[in-house]
2 protein chains.
Amino acid sequence: MKTIELEDDLYRYIASQTQDIGESASDILRRLLALPTEHATANKNAVSVEDSSSLLERATEQNRVESQVVVSSPSSVIETNPAVVVDLAPIVTNLPASIDKLIKDKEFKNISVSVTKFIQILSVLYAEHPTEFQAATEIKGRKRIYFAKSEKALLSAGSTTKPRKIEHTPFWVITNTNTGRKRNMITQLMAEMGYPHSLIDAVSQSI
Amino acid sequence: MKTIELEDDLYRYIASQTQDIGESASDILRRLLALPTEHATANKNAVSVEDSSSLLERATEQNRVESQVVVSSPSSVIETNPAVVVDLAPIVTNLPASIDKLIKDKEFKNISVSVTKFIQILSVLYAEHPTEFQAATEIKGRKRIYFAKSEKALLSAGSTTKPRKIEHTPFWVITNTNTGRKRNMITQLMAEMGYPHSLIDAVSQSI
DNA sequence: GATCTGATCGAAGGGATCGTTG
DNA sequence: TCCAACGATCCCTTCGATCAGA
């Protein structure tokens, strides 16, 4: 996400062009400028600019689907510690069930805080492929470890890593990183999990 | 100057349309949108030097009218609890039935206490779209919750939150906030409810 | 818990920037 | 010495709630 400043009247004009309740500035401007949506664009680029691998990637994607034999791990074992402690039942934010859904989601796009998007992405990645996620969770930095099943583990592997729980998941992540690193972490993780290059890029850029 | 967030590719596209070195985002967008320069615009608007909002409001009204598809929920259920309890029968201030009406209302504008305006706005928002209001009621701060159906709930989620009942509504709000935060709360709430950006701004600024 | 409003200032969170390491 | 990758300090923003002011 980029931020730009507009003169007030111009801002008002653009806002007044809202057609669907809740539209983002990007949505409105794309329409006004008669630009294709992000995805259309992304696809075009994938084919023309990038490389010929797009075909390959598509094939890869199929492979993935077929190989989806994953056994759901006994997350229950870990889920035993949940929030009963917490007073007000945390309203379960219904996240989409797949990442490509998530990154297209209106609400998701409107989130301005990148940590939030980061966590939600991780949450959905886990939901899709818990086993692969768990395996990919090994990725780490020079001194810090990125993922763990306890806050303490992350805390003890660096200073002020700002661990955060990944909702609906037994994992925690470090959070004291710039956005670039968050993208790297997503990229590494998804690569490890076996996602196609194109999707990985799309997800990383969505932060 | 207003700030908006754009998706990265859109930002890049706009930046790439620079024709004169040093052009601002506003300059570029005006050209792309084939809009007159600020001066031309300013003259047109000149009618209302003070609050440039008159134009805004007009435009806003149109948007809203079209989108008025919301189903009115059985507010009667709640209307059963009215004020008979209260000592001095509060003269039921007949609030307008829609927010844009409310914020244009003479009486409303004359209210100097922002809490009062804050509550009235909430009351009208509820009247317009009870269901959406209820859903949007989830918004909260870091420690405090902002809305609840009981005073106690608000009291227990922070210290001295000064809960107040929102008239003609099953909800309570916290009130121990500065005006800026009250505006934020309105902004968040209305956004969540799906109101167009322009109206949201107008309402927030009316506090 | 009882005066009420809300600005001010302190606390916490987010993440860019800059220092460190290999 | 320089470069790339990584770490985490620290600045800025957002939020909370005390307490000044009426």
Q) So what does the secondary structure string of DNA chain C come out as, 5' to 3', with Watson-Crick or wobble pairs under 3.5 angstrom, [ ] for crossing and | for pairs with another strand? A) ..||||||||||||||||||||
Q | Q134(B): partners by side chain to side chain donor-acceptor pair (under 3.5 Å), with sequence neighbours left out | A | K149(B)
Q) CZ of F118(B) versus P of dC4(C): gap in Å, rounded? A) 17 Å
(Q) Need one value for Y146(B): base, sugar-phosphate or nothing, where a base atom within 4.0 Å counts as base even if backbone is also close, heavy atoms only. (A) sugar-phosphate
Q: Give one of base, sugar-phosphate or nothing for S159(A), where a contact means two heavy atoms less than 4.0 Å apart.
A: sugar-phosphate
Q: Would you mind classifying the nucleic acid contact of S114(B) as base, sugar-phosphate or nothing, using non-hydrogen atoms under 4.0 angstrom?
A: sugar-phosphate
Q | Euclidean distance, atom NZ of residue K117(B) to atom P of dT5(C) [Å, nearest integer] | A | 14 Å
**Q.** Sequence-distant partners of I145(A), side-chain contact (heavy atoms from CB on, under 4.5 Å), two or more places apart
**A.** K140(A), A148(A), A153(A), L154(A), A157(A)
**Q.** Distance-only donor-acceptor test (3.5 Å): side chain N176(B), base dG6(C)
**A.** yes
**Q.** Set of residues satisfying side chain to side chain donor-acceptor pair (under 3.5 Å) with respect to T137(A), sequence neighbours excluded
**A.** none
Q: Calculate the interatomic distance between I207(A) atom CD1 and dA16(C) atom P; express it in whole Å.
A: 11 Å
Q. Rounded to the nearest 0.5 Å, how far does CE of M193(A) lie from CG of L199(A)?
A. 11.0 Å
Q: Tell me, please, which residues at least two apart from S204(B) pass side chain to side chain donor-acceptor pair (under 3.5 Å).
A: T187(B)
Q) Going from CD on E128(A) to CE on M190(A), what distance comes out if it is rounded to the nearest 0.5 angstrom? A) 8.0 Å
Show me the protein contacts with nucleotides 8-13 of chain C, counting only N or O atoms at under 3.5 Å.
from: dT8(C); atom 1: O4; to: N178(B); atom 2: ND2; distance (Å): 2.9

Q | Residues forming a side-chain contact (heavy atoms from CB on, under 4.5 Å) with N178(B), sequence neighbours excluded | A | R181(B)
Q: Identify which one of L189(A), T169(A), V203(A) satisfies the side-chain contact (heavy atoms from CB on, under 4.5 Å) criterion when paired with L125(A).
A: L189(A)
**Q.** First and last nucleotide of DNA chain D, 5' to 3', lying under 4.0 Å from heavy atoms of chain B
**A.** dT14(D) to dT18(D)
Q. With sequence neighbours left out, what residues match T160(A) under side-chain contact (heavy atoms from CB on, under 4.5 Å)?
A. N176(A)
Q: Apply ring-ring contact (aromatic ring centres under 6.0 Å, His included) to F171(A) and list each qualifying residue two or more places apart in sequence or on a separate chain.
A: F133(A)
**Q.** Residues which pass side-chain contact (heavy atoms from CB on, under 4.5 Å) with T116(B), listed by chain and number, not counting sequence neighbours
**A.** I111(B), V113(B), Q120(B)
Q.
So, OP1 or OP2 of dA7(C): does either fall under 4.0 Å of a side-chain N or O from T179(B)?
A. yes
Q.
Could you tell me how far apart I111(A) (CD1) and dG15(C) (P) are, to the nearest whole angstrom?
A. 11 Å
